[in-house]
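Quick notes on the structure that follows.
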Amino acid sequence: MGTPMFLRKKRRVAAVALPTHLALALSSGEPAGRWPSVLKTQALAICPGTMNAIVALCHFCELHGPRTLFCTEVLHAPLPQGAAGGASPGQGGPAEEEEGGIQMSSRARAPSPAEGASAESSSPGPKKSDMCEGCRSLAAGHPGYISHDKETSIKYVSHQHPNHPQLFSIVRQACVRSLSCEVCPGREGPIFFGDEQHGFVFSHTFFIKDSLARGFQRWYSIIAITMDRIYLINSWPFLLGKVRGIIDELQGKALKVFEAEQFGCPQRAQRMNTAFTPFLHQRNGNAARSLTSLTSDNNLWACLHTSFAWLLKACGTRLTEKLLEGAPTEDTLVQMEKLADLEEESESWDNSEAEEEEKGTVVPEGSGGRELSQCPPDSSLLSDCGDWQPRKLSVFKSLRHMRQVLGTPSFRTLAWHVLMGNQVIWRSRDVDLVQSAFQVLRTMLPVGCVRIIPYSGQYEEAYRCNFLGLSPHVQIPSHVLASEFAVVVEVHAATRSSPCMAGFEDDQSLNKYEFVVSSGSPVAADRVGPTILNKIEAALSNQNLSVDVVDQCLVCLKEEWMNKVKVLFKFTKVDSRPKEDTQKLLSILGASEEDNVKLLKFWMTGLSKTYKSHLMSAVRSPTAPEPRS
């Protein structure tokens, strides 16, 4: 017999959000052969997978000590010999039920004397003479319960003891430790223990009411054993909630039986009236009662099988592997800050509206009051907050596409102004074309440097936006047209087909336009320009690089220059170094040219508040005193 799948460690995973809840249905009203629909949950269809573990129910017997009552394990290989007889289709017996992609079956059959003898001699569990009614779950000859997960071809098998000797030893040791030494204060509650050799265990001990037991209660535990410590720790909140639900169901059923028995024949008064004799000698043969008797549920073990199988399935699907790429980028931090600001602003608007409704105030017409529910589509209020999300447009497919449409000289002029932080104005009747252009051009800048007004009916100043879309009838001030800090892209109707469109497919929408790029200070053809612009153009002109590769190159270039920005910010704004030292630093960074310095200063405005506050707090924090000699 090979090594069980349980003994192989699962790859490290990162915990994610919990998808569904556990709907337990441990009811005694189910007809024979029909199991409750515990496995019918959305978690089964999320991701094929399972938790590589064993879940078991244990009991502390007053005669025989800690015993394993019922356990569920996962099989990725053919079924063991003892359970295979009940799993083959087409045999007689109780009906199968298929729910949530898992097919459950339980076919108890009376084995032949030879089978019974061989099973008893080879079973790793305790002998029948060492077991009483209280520490036995399934009847003799019962093959156990089997669930088939059709999505993953995995089988969940439940029986009293694992068939594999090594697994039996691990479960047995975990059972003993769960009910003896590894107990939390109060003897009822969750605890974690284990080691690399015998596995790691999540254990939750609890009491079940029994009118015939010493102290009127019996001690049980539910344990989950796995060889992966990190996996089990990540699953702790999930396991605790679901196992606690199973325990509550069991205790609730047992409490009803206990109260009914106490009402009919109070045991406390009967014991007090009985002459003192050793308690164990007073017990009759029915004192060691089974859990089915304590809960008055004949379908208890089938219900526990479905609960344990669901637990293994759901616990595996809720954990997914993630690639951890280190600290978040500046773009990520800025996006998170903008999202938090938007949520704060929306809450403040909601609160102000609620207050006005409570006060019953009415804003008279012409009083200058602003109606909060109306916001023109060309308004710049939302764009200033950075919440403008471009629509999925495909007019300009990429930077390379825009470069070939505009032409290399015009694109270089436009890209230079974008990287320097100058105002980029697009004037066109086609709103989709303007927004598509902004969607492509913004990829050259950090998120914190982008301020877009997608389409406006009037000119907006440069301090409000560095990307501005205008309709053709809007007049641009003359000082802006003559300024070296602005570039205008005029989109006119084309008089003839542009030759630069040759070689493109699905570009008929752009054939009807002509693009004129103008600025008060045109970029000279022989101007070196910022280093990042030269690298971007080299990547765009290299036809061996796909569009996706160029996008990744652009991400790496932005990260490289944002790191230089961080160094310069700390050097100048936090440490307040002199200009001479700053020039030396720029030379070391390879950014001593004029265009590179302007680019770094503009990109410095895109640093996240989190990074700036972190640096400032580090400067303000007291330093440790130097040790005295």
Side-chain angles (χ1 to χ4, degrees), residues 22 24-30 36 38 55-71 131-138 160 175-176 178-180 182-191 203-223 240-274 277-308 311:
L22 179 62
L24 290 173
L26 300 179
S27 61
S28 59
E30 293 283 342
V38 180
V55 181
L57 173 67
C58 307
H59 167 51
F60 189 90
C61 180
E62 295 178 354
L63 294 177
H64 304 104
R67 294 293 187 188
T68 303
L69 283 182
F70 194 75
C71 68
M131 298 175 63
C132 61
E133 185 182 352
C135 53
R136 182 187 297 113
S137 57
L138 302 181
Q160 182 155 0
C175 169
V176 172
S178 171
L179 295 171
S180 58
E182 307 290 355
V183 180
C184 64
R187 299 183 66 191
E188 192 170 18
I191 198 170
S203 170
H204 196 303
T205 51
F206 61 99
F207 291 102
I208 292 291
K209 285 290 186 180
D210 182 6
S211 59
L212 301 181
R214 181 186 305 177
F216 300 103
Q217 60 186 9
R218 297 188 183 274
W219 202 20
Y220 293 85
S221 70
I222 294 179
I223 59 176
L240 181 59
K242 306 314 173 187
V243 169
R244 187 66 250 179
I246 297 175
I247 292 173
D248 290 342
E249 290 286 342
L250 293 176
Q251 289 179 331
K253 290 179 175 294
L255 182 60
K256 293 180 181 179
V257 176
F258 175 79
E259 291 176 347
E261 292 178 349
Q262 288 291 85
F263 180 79
C265 181
Q267 291 291 320
R268 188 178 299 275
Q270 182 178 353
R271 293 182 186 181
M272 293 179 63
N273 295 331
T274 305
T277 54
F279 178 76
L280 290 178
H281 292 283
Q282 296 181 24
R283 297 175 56 188
N284 53 28
N286 296 327
R289 306 165 68 186
S290 65
L291 189 59
T292 54
S293 175
L294 294 177
T295 58
S296 185
D297 187 358
N298 294 328
N299 292 328
L300 175 67
W301 304 118
C303 295
L304 283 179
H305 166 73
T306 56
S307 298
F308 288 172
L311 193 64

Counting C-beta onward and ignoring hydrogens, is there a side-chain heavy-atom pair between [X] and [Y] closer than 4.5 Å?
X	Y	answer
Phe60	Val176	no
Gln217	Asp210	no
Asp297	Leu250	no
Leu179	Trp219	yes
His204	Leu240	yes
Phe70	Trp301	yes
Ile246	Ile222	yes
Leu300	Leu291	yes

Nearest 0.5 Å, what's the [atom1]-[atom2] distance between [X] and [Y]?
X	Y	atom1	atom2	value
Leu255	Thr295	CG	OG1	12.5 Å
Glu249	Ser307	CD	OG	8.5 Å
Cys58	Arg67	SG	CZ	11.5 Å

Which heavy atom of [X] sits nearest to which heavy atom of [Y], and what is that distance?
X	Y	result
Ala56	Thr68	CB-CG2, 4.4 Å
Cys184	Pro190	CB-O, 4.0 Å
Lys209	Leu294	O-CD2, 4.1 Å

Margin query: Please determine whether a side-chain nitrogen of the Lys or Arg among Arg289 and Glu261 lies less than 4.0 Å from a carboxylate oxygen of the Asp or Glu.
Written below: yes

Next item on the list: Step by step, work out the side-chain contact (heavy atoms from CB on, under 4.5 Å) result for Val55 and Ile223.
Entry: CA-CA 6 Å; Val55 181; Ile223 59 176; over 6 Å; no

Next item on the list: Report the residues that fulfil side-chain contact (heavy atoms from CB on, under 4.5 Å) with Gln251, sequence neighbours left out, ordered by chain and then residue number.
Entry: Glu188, Phe206, Ile208, Arg244, Ile247, Asp248

Item checked: Check: Ser296 side chain, Ser293 main-chain N or O, donor-acceptor pair, under 3.5 Å ->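 Pair absent, no side-chain N/O of Ser296 close to backbone of Ser293.
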
Next item on the list: Check salt bridge (charged side-chain N to carboxylate O under 4.0 Å, His left out) between Arg187 and all other residues, then give those that pass, not counting sequence neighbours.
Entry: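 With sequence neighbours excluded, Arg187 shows a salt bridge (charged side-chain N to carboxylate O under 4.0 Å, His left out) to no residue whatsoever.
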
Item checked: Residue pair Thr205 / Ser221, side-chain donor-acceptor N/O under 3.5 Å -> no

